[in-house]
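All residue numbers in this chain count up from 1 along the given sequence. All values below come from the heavy atoms of this structure, side chains included, with hydrogens, waters and symmetry mates left out. Owing to the predicted nature of the structure, the values given are computational and were not obtained by experimental measurement.
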Amino acid sequence: MMSMVLSLQILTAFLFITATESSPPPTGFTMDLIQRRSNSSSFRRSTNADQLRAYPYADVVFDHYQYLMKLQIGTPPVEIESILDTGSEVLWTQCLPCLNCYKQSGPIFDPSKSSTYKEKQCKTPNDPSCDYELIYADQSYTKGSFAYETVTLKSTSGQSYVMPETVIGCSHNSSSGSDTSGSGIVGLSWHPTSLISQMGKSMRGTFSYCLSPGGTSKINFGSNAIVSGNGTVSTPMFQKKKQPGFYYLNLDAVSVGETRVETTGTPFHAVDGNTVIDSGTVLTYLPPSYCSLVREAVENFVTAERVTYADGTLCYKTNTMDVFPVITMHFSGGADLVMDKHNTYMANGKAICLMILCPQMKPDAEEALFGNRAQNNFLVGYDHSSLQISFKPTDCGVTQDIPRDSISAALVLQFNIKFVLFIFVLYLIIP
């Protein structure tokens, strides 16, 4: 009898150890498309232990040179696709009733059908804490009301990551400055009303995205968003009083082939940030005082026939990018980004053009914009705690994660093996 009890104790310990060792870590995989959340009211960002161990993420789809992030709002949850924008401060979507709305691909969100929608109440009309109006650089705009609503993302735990009482903008009057089919914008700036700011301390203000030139890629949040490994470079990010929501980087120089063009000696030179990194802007812009030097270096390299366009874009009559130099962006801290030619050049009819533009700006506007095309095929990580932005060359169109079905099959196989061992041991110890 004693030997039988001892054998069962050994077996129990064996099963416990193997089950513990074979359990996948919470960051070990990413699952397939949208999961519907539980309607349980027990989900809270600060109290639910399972949710705190989970890391939210979302699919990002390419659409007319913009990137749309998939998420859900309301109860029951309604999926929306909105522009992923690190230069915007609000998560907003078009809402019914809509006085003036642009055409979007999916249905417009109807707050009257959501049991968790609660519009912010203010005593005075046009109170900026209740009503908002945002006008963007391309003159697109949104006007509407702030509200509390449930926002739902996917997570690595298999359960949805639910953010109750999140402040969103419900837009009743909006225009789009591009051909996007998205319903609005997901603001990811420093601002307190952005999505990343409302995720709370458990996410540590950390997120990363990988923008594919076409197809679907991903954005991750929290510890699962840390960018590291071979090829990773990091640079400090800065915040400025005049534009406190923007992420500023410091561009020290641009190399055109073997020619390095320093910012030193130009009005563009800075040590506390001179370039806004912006996932919501397509192209990259340099101030004229410095941009002309970069253009000149490209002109000195390319021998193909020039093509003249009214907007002054630097273009050449050619059907191959081989005639163009590789461009490297040198950010402070030794973060040298060697750009693929797709990042910096674009076909335009029978010509290929430089996509680093020199717009006419105000004399004191010596700042640059680092747009999403230049960020293609880099894993880009933002870390509010370390005040760093990291870049890692990555094929963003290739999913590195283990498919959920593969994990499920592996777990089933492990369980079957354990069950067979259990029956075998019982056969040995029971007469």
Side-chain angles (χ1 to χ4, degrees), residues 27 55-58 60 67 69 84-89 186-192 194-211 217-255 263 268-281 284 286 327-340 343 367-394 396 400:
T27 59
Y55 301 110
Y57 73 95
V60 177
Y67 289 88
M69 176 176 164
L84 186 157
D85 191 355
T86 56
S88 291
E89 60 195 51
V186 180
L188 290 168
S189 73
W190 290 96
H191 198 276
S194 74
L195 179 65
I196 185 63
S197 296
Q198 295 191 73
M199 282 184 160
K201 294 181 179 179
S202 63
M203 294 298 111
R204 300 186 304 171
T206 304
F207 65 95
S208 64
Y209 53 72
C210 204
L211 304 179
S217 45
K218 296 196 181 297
I219 179 170
N220 291 285
F221 299 90
S223 297
N224 206 37
I226 295 173
V227 178
S228 61
N230 293 337
T232 301
V233 295
S234 299
T235 186
M237 63 181 180
F238 304 90
Q239 189 176 24
K240 294 196 171 186
K241 290 183 179 180
K242 61 179 180 180
Q243 295 284 1
F246 290 164
Y247 299 101
Y248 280 90
L249 309 179
N250 208 79
L251 183 65
D252 292 336
V254 173
S255 286
T263 62
F268 180 50
H269 180 70
V271 294
D272 60 348
N274 56 11
T275 301
V276 176
I277 180 170
D278 187 2
S279 65
T281 296
T284 293
L286 296 175
I327 290 179
T328 303
M329 312 290 280
H330 302 281
F331 292 103
S332 60
D336 299 333
L337 298 190
V338 181
M339 314 298 287
D340 185 88
N343 296 110
E367 293 180 352
L369 277 174
F370 191 55
N372 64 43
R373 186 180 179 92
Q375 300 174 53
N376 280 182
N377 285 330
F378 284 99
L379 180 59
V380 185
Y382 297 67
D383 191 337
H384 287 199
S385 58
S386 68
L387 298 179
Q388 295 231 320
I389 292 183
S390 299
F391 299 88
K392 182 179 181 180
T394 306
C396 296
Q400 303 294 330

Smallest heavy-atom separation, S390 atom then T232 atom, equals CB-CG2, 4.1 Å
For P192 versus S197, what's the shortest heavy-atom pair and its separation?
O-CB, 3.6 Å
Say whether, by atom type as modelled, one donor and one acceptor occur between the side chain of K392 and the main chain of S228 under 3.5 angstrom.
yes
I would like to know whether Y248 and Q243 meet side-chain hydrogen bond (donor to acceptor under 3.5 Å, both in side chains); could you show each step before the answer?
CA-CA 9 Å; Y248 280 90; Q243 295 284 1; 5.7 Å; no
Which one of Y382, Y67, Y57 satisfies the side-chain hydrogen bond (donor to acceptor under 3.5 Å, both in side chains) criterion with Y209?
Y382
Ring-plane angle category for Y247 and H384, please: parallel below 30°, perpendicular beyond 60°, tilted otherwise.
tilted
Please confirm whether the backbone N or O of G381 pairs with a side-chain atom of S208, one donor and one acceptor, at under 3.5 Å?
no
C396 and N377: which non-hydrogen atoms are nearest, and at how many Å?
N-OD1, 3.0 Å
Would you sort out whether I277 and Q375 count as a side chain to side chain contact (heavy atoms under 4.5 Å, CB included), showing the intermediate values?
CA-CA 9 Å; I277 180 170; Q375 300 174 53; 3.6 Å; yes
Is there side-chain contact between F331 and V233, with at least one heavy-atom pair below 4.5 Å?
no
Side chain of S279, backbone of L84: donor and acceptor closer than 3.5 Å?
yes
If you compare all heavy atoms of W190 against all heavy atoms of F238, which two are closest, and at what distance to 0.1 Å?
NE1-O, 4.2 Å
If the condition is side-chain hydrogen bond (donor to acceptor under 3.5 Å, both in side chains), which residues does D336 pass it with, not counting sequence neighbours?
H330
Can you find a heavy atom in the side chain of L286 that is under 4.5 Å from one in the side chain of L251?
yes
Which pairs with one or both residues in residues 232-241 pass salt bridge (charged side-chain N to carboxylate O under 4.0 Å, His left out), sequence neighbours excluded?
K240-D272
Main-chain N/O of F268 paired to N274 side chain as donor or acceptor, under 3.5 Å
yes
Is the closest side-chain heavy-atom distance between L195 and M69 below 4.5 Å?
yes
List the steps and the verdict of side chain to side chain contact (heavy atoms under 4.5 Å, CB included) for V254 and M339.
CA-CA 11 Å; V254 173; M339 314 298 287; over 6 Å; no
